[in-house]
Amino acid sequence: MGEVKVVKTISRALSQSHVGFALFGFFLVILTYFTVFEQFSTRPPNALLRTSPAVSAQMNPKEQETDALKKDDGIKLEEKPTPAVDFHGEEDNKNTENDRRIEDHENHKEPEDAEKKDGVDSKQFGHEPEKKEENDSKQFGGGTEHPNQQPEKKDETEVKQFGGGTENRQRPPQNKPLCDTADPRSDVCDMEGDIRTHGISSSILFVPPYPVSNPEPHEWKIKPYSRKFMNGIKEVSVKQLHGPQEAPACSVRQSIPAVVFYLGGLTGNYWHDFTDVIIPLFIEARQFDGEVQFLITNIQGWWIGKYHMILKQLSRYDIIDLDKDLQIRCYPRMIVGIRSHKEFSIEPSRAPNGLSMVDFRKFMRIAYSLDRDYPIKLRENVGSKKPRLLLIARGLSRRFTNVEEIVKSAERLGFEVEVVDAKFNVNIAEFAKVVNSCDVMVGVHGAGLTNCVFLPTNAVMIQVVPYGKLEHMAKIDFGEPAIDMQLKYVEYSISAEESTLMDMFGKDHPIIKDPMAIHRSGWEKVGEFYLGKQDIKLDVNRFAPTLLKAIDLLKE
């Protein structure tokens with residue numbers, strides 16, 4: 001009241017002259033400025049952005065959802081969002097991005113007849129979710145949370161990746177391309193968000209949640225096979241679109257990831273089936289614990305039938321023949337291509353969850369219901385039970401020509417011997433049980449040794465290396481993988497006298513006298529003579545110490 005009286009007094013005094021009116025006006029301006037400044041300086045900096053409860057109650061649901069987008073803690077996205085800034089290497093202005101998302105949300109019109117399949121709403125790819133499917137829709141970052149539902153605390157920081165507030169300090173946005181083409185063995189694209197496939201055109205489309213500014217979207221041509229430099233592998237096109245406005249409508253939606261891979265190349269050879277497809281597929285798919293779908297290009301029915309027990313253990317879903325697929329399939333994550341770390345093995349440091357060949361061998365026991373995890377312990381079974389030895393026979397090249405003699409020699413040394421021929425059409429489930437029942441496996445370098453994946457932990461694998469300086473290849477293909485599988489590995493290199501090449505060419509021929517000269521002439525000659533035309537007559541006396549070493553290893 002005192003302030004009012006002062007104002008009245010000054011106004012009467014100043015009204016006596018024109019100068020008084022001017023000073024009076026100036027005084028009112030100063031008073032108004034300080035009054036307003038005092039009021040607003042005590043309010044929080046974001047107070048103007050919030051809507052009062054009274055106004056909010058008068059909004060219609062559409063306006064409430066739009067207002068919710070303006071709050072940093074009002075948007076709930078998937079646990080591991082993939083922002084579009086990751087793909088063109090620079091981050092747009094945060095306020096501009098937030099405004100664009102609000103504008104897009106307000107201008108979007110919901111389709112009247114939205115198709116619903118696989119329990120996922122069709123509006124989850126950048127559209128407004130229906131209440132009953134709001135959990136699925138949030139996976140893709142395409143909708144807002146229901147106005148009456150409180151957002152979970154764990155998602156309050158993740159929204160910041162899209163420029164909606166302060167920096168996410170728990171998991172900063174990743175700046176990496178969709179596809180990794182730098183690996184010398186294989187190219188792989190790993191995408192999260194809105195991914196759509198058109199199989200018959202071999203096209204995979206990554207749809208950003210909002211328009212991106214780069215004038216030319218990224219596109220990759222990927223061979224979804226573990227040996228990318230092989231010829232004849234059908235490519236799949238992976239393309240990043242400019243935004244949702246370019247995306248074809250989904251006809252099938254899934255809430256699970258997908259893996260795209262190719263069947264061909266060197267598949268059909270037992271060792272290559274595992275090295276080039278099964279182990280790389282295990283690397284990519286095992287992390288999903290069966291909740292993943294396989295999309296296969298160049299599908300081979302016989303291959304699917306032969307390894308169906310492995311495939312159904314990796315995925316609980318139907319396999320899609322991508323080359324004939326007319327649907328537009330939509331997934332929240334997709335891996336195009338399969339990684340190969342090295343021959344017939346895994347590098348745990350590069351694999352999801354640190355997967356190793358020990359894990360793979362355990363997985364094979366699960367897939368084929370193999371109960372035996374450890375070999376015989378000879379220290380506890382002295383004289384009561386013999387160790388079982390599995391001799392892998394071959395039908396074509398690199399055959400043992402004196403199988404009976406080898407069997408009798410092994411039996412004299414204390415083994416119970418089982419001879420098997422790992423033919424192309426062998427029933428793998430039955431064969432796996434035979435291998436798993438043995439303590440020692442002996443075989444010449446070749447695909448038959450692939451069956452070591454069924455051996456018990458700490459069992460002994462003996463690789464017989466053919467003549468021709470093939471030790472390095474033998475070590476890479478089977479020696480190191482056996483050790484990675486936690487098997488006890490023993491190598492036996494035959495002499496020239498144990499090779500049938502000696503009878504064919506004589507001791508003075510370069511094939512016998514100078515194998516390195518054959519290597520220098522190229523792989524074609526090495527494969528032709530040392531792998532394709534050589535059989536083995538094992539010297540049982542020379543080989544006996546190797547078998548005795550296996551017995552010693554079983555005593556450890």
Side-chain angles (χ1 to χ4, degrees), residues 270-271 273-274 278-279 281-283 285-290 305-316 344-346 348 351 353-393 410-411 414-423 425-443 447-463 478 481-490 547 550-556:
Y270 192 47
W271 182 78
D273 287 345
F274 276 82
I278 295 173
I279 292 175
L281 186 60
F282 172 81
I283 293 172
R286 186 59 174 165
Q287 60 185 309
F288 303 118
D289 195 26
K306 184 173 184 176
Y307 298 108
H308 72 280
M309 296 186 73
I310 297 174
L311 295 173
K312 75 177 183 180
Q313 193 66 37
L314 286 173
S315 170
R316 300 185 182 97
F344 196 40
S345 192
I346 299 172
N353 304 320
L355 288 172
S356 68
M357 283 303 288
V358 173
D359 297 313
F360 179 75
R361 202 168 42 75
K362 290 179 180 178
F363 168 77
M364 297 302 289
R365 289 208 318 273
I366 295 172
Y368 288 100
S369 303
L370 306 176
D371 298 328
R372 195 163 177 258
D373 190 26
Y374 291 97
I376 188 174
K377 295 182 179 179
L378 292 182
R379 287 181 300 176
E380 302 173 3
N381 295 276
V382 179
S384 62
K385 189 176 181 181
K386 295 181 178 180
R388 281 174 55 80
L389 184 147
L390 182 70
L391 183 64
I392 303 290
E411 289 176 342
F415 288 99
E416 177 186 334
V417 182
E418 179 94 17
V419 180
V420 294
D421 185 356
K423 296 180 180 179
N425 59 349
V426 68
N427 184 306
I428 297 180
E430 295 177 1
F431 197 88
K433 287 181 169 56
V434 173
V435 176
N436 185 250
S437 71
C438 295
D439 308 293
V440 179
M441 186 172 77
V442 178
L449 290 179
T450 307
N451 291 293
C452 66
V453 296
F454 305 123
L455 284 171
T457 302
N458 290 327
V460 181
M461 187 181 85
I462 301 174
Q463 178 175 199
F478 291 107
I483 295 171
D484 292 344
M485 293 180 212
Q486 205 172 326
L487 301 175
K488 296 179 178 179
Y489 176 69
V490 180
L547 293 179
I551 292 177
D552 290 339
L553 290 172
L554 292 174
K555 292 178 181 179
E556 292 180 352

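Count residues from 1 along the sequence.
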Side chain to side chain, Leu311 and Ile278, heavy atoms closer than 4.5 Å: no
Any donor-acceptor pair under 3.5 Å from Arg365 side chain to Asp373 backbone: no
Shortest non-hydrogen contact between Ala367 and Ile310, atoms and distance: CB-CA, 4.4 Å
From CA spacing to verdict: side-chain contact (heavy atoms from CB on, under 4.5 Å), Val460, Leu487: CA-CA 6 Å; Val460 181; Leu487 301 175; over 6 Å; no
Over 12 foreign heavy atoms within 6.0 Å of NZ, Lys362: no
Euclidean distance, Met364 CE relative to Phe282 CZ, rounded to 0.5 Å: 10.0 Å
Closest approach of Ala429 to Met309 (non-hydrogen atoms, all atoms of both residues): CB-SD, 3.9 Å
Point-to-point distance, once rounded to the nearest 0.5 Å, from CH2 of Trp271 to CZ of Phe344: 8.5 Å
Atom pair CG (Leu391) and CD (Glu418), whose distance is rounded to the nearest 0.5 Å: 10.5 Å
Side-chain heavy-atom pair Phe274, Phe360 within 4.5 angstrom cut-off: yes
Validation row: Ile346, Ile279 side chains within 4.5 angstrom (heavy atoms): yes
Nearest-0.5 Å distance that lies between atom CG in Asp439 and atom CG in Leu455: 9.0 Å
Test item: side-chain donor near acceptor, Tyr374 and Asn458, under 3.5 Å: no
Worked check of side-chain contact (heavy atoms from CB on, under 4.5 Å) between Leu553 and Val440: CA-CA 10 Å; Leu553 290 172; Val440 179; over 6 Å; no
Val419 versus Ala393, closest heavy-atom pair with distance: CG1-CB, 4.2 Å
Heavy-atom neighbours of Asn427 CG exceed 12 at 6.0 Å: yes
Closest approach of Lys385 to Ile376 (non-hydrogen atoms, all atoms of both residues): O-CD1, 3.6 Å
Smallest separation among heavy atoms of Ile462 and Leu449, with atom names: O-CD2, 4.4 Å
For Lys488, all residues meeting salt bridge (Lys or Arg N to Asp or Glu O under 4.0 Å), sequence neighbours excluded: Glu556
Rounded distance (nearest 0.5 Å) linking atom CG of Asp484 with atom OG of Ser356: 8.5 Å
Minimum side-chain heavy-atom gap Thr450-Phe478 below 4.5 Å: yes
Nearest heavy-atom neighbours spanning Pro456 and Arg361: C-NH1, 3.7 Å
Derivation of the side-chain contact (heavy atoms from CB on, under 4.5 Å) call for Val426 and Val420: CA-CA 10 Å; Val426 68; Val420 294; over 6 Å; no
Between Asn451 and Tyr270, a side-chain donor and acceptor under 3.5 Å: yes
Worked verdict on Lys386 versus Phe415 for side-chain contact (heavy atoms from CB on, under 4.5 Å): CA-CA 6 Å; Lys386 295 181 178 180; Phe415 288 99; over 6 Å; no
Note, Val358 side chain near Met485 side chain (heavy atom, < 4.5 Å): no
Residue pair Ser437 / Arg372, side-chain donor-acceptor N/O under 3.5 Å: no
Separation of Met357 CE from Phe363 CZ (nearest 0.5 Å): 12.0 Å
Residue among Leu370, Val453, Leu390, Ile428 satisfying side-chain contact (heavy atoms from CB on, under 4.5 Å) with Val435: Leu390
Leu378 side chain near Pro387 side chain, heavy-atom distance below 4.5 Å: yes
